[in-house]
Amino acid sequence: MSKTGRVLRIEKTSIHDREGLRTVVFLKGCPLRCKWCSTPESQRMEIEKRYGKDMTVEEVVKELCKDEIFFFHSGEVLKDVEIPDMEMLKKMAEVIRAEDPEAAVKVKGE
């Protein structure tokens, strides 16, 4: 059975936080309560109105691969918020690296 996680949203063509173009996966359940948080809707694990849906690792990776042409093989996949479900990120990294062994998966804050 595939790993399922709670995805807040997938932001396409993000240019914030660092140089370059990327697709950012925002996951629900961030345990931090940063005063400067730009996505407080990511903090609660529950699906709230239009915030969040359950997706399998394969579904998330399929969405990421739709934008592959824009990445120019820069090899970076960024998970934007720190969450308790690191297993979801690990499974995503395994699937992505199977397709592209040089891909780097980074967690914001590392």
Side-chain angles (χ1 to χ4, degrees):
M1 177 177 256
S2 180
K3 174 68 178 157
T4 299
R6 189 141 296 164
V7 177
L8 172 64
R9 72 175 179 271
I10 298 176
E11 187 175 291
K12 309 249 180 192
T13 63
S14 177
I15 58 171
H16 305 290
D17 297 326
R18 57 183 65 171
E19 74 178 56
L21 185 65
R22 73 197 129 275
T23 299
V24 182
V25 179
F26 291 86
L27 299 171
K28 294 276 289 173
C30 181
L32 305 178
R33 298 299 181 260
C34 305
K35 291 181 181 182
W36 59 87
C37 181
S38 63
T39 52
E41 62 274 18
S42 70
Q43 295 174 351
R44 295 187 65 194
M45 193 62 177
E46 297 81 24
I47 294 175
E48 307 166 77
K49 294 187 181 181
R50 24 170 225 258
Y51 299 117
K53 68 178 183 175
D54 292 332
M55 295 179 75
T56 65
V57 169
E58 290 78 14
E59 290 171 328
V60 173
V61 172
K62 185 176 179 180
E63 282 299 309
L64 292 173
C65 288
K66 288 178 182 179
D67 298 336
E68 183 178 18
I69 192 169
F70 300 110
F71 300 149
F72 300 108
H73 297 283
S74 63
E76 179 176 63
V77 176
L78 175 69
K79 181 190 81 60
D80 191 61
V81 294
E82 294 183 25
I83 59 153
D85 191 0
M86 291 303 291
E87 191 62 30
M88 177 75 172
L89 180 62
K90 288 178 186 175
K91 294 291 183 188
M92 286 171 52
E94 288 174 12
V95 173
I96 291 166
R97 287 186 180 134
E99 293 291 322
D100 181 0
E102 295 181 23
V105 178
K106 295 184 179 184
V107 176
K108 187 174 180 177
E110 282 190 341

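No experiment lies behind these values; they were computed from the predicted model shown.
Scanning for side-chain hydrogen bond (donor to acceptor under 3.5 Å, both in side chains) contacts around Glu41 gives Arg9, with sequence neighbours left out. Shown here are the salt bridge (charged side-chain N to carboxylate O under 4.0 Å, His left out) partners of Glu48, two or more places apart in sequence or in another chain: Lys28, Arg44. Not counting sequence neighbours, the partners of Cys37 by the side chain to side chain contact (heavy atoms under 4.5 Å, CB included) test are Cys34, Thr39, Pro40, Gln43.
Each of Val7, Thr4, Leu27 was evaluated against Val60; a single residue qualifies, Val7, per the side-chain contact (heavy atoms from CB on, under 4.5 Å) test.
Legend: salt bridge (Lys or Arg N to Asp or Glu O under 4.0 Å) pairs involving residues 50-62, not counting sequence neighbours, sorted by first then second residue: Arg6-Asp54.
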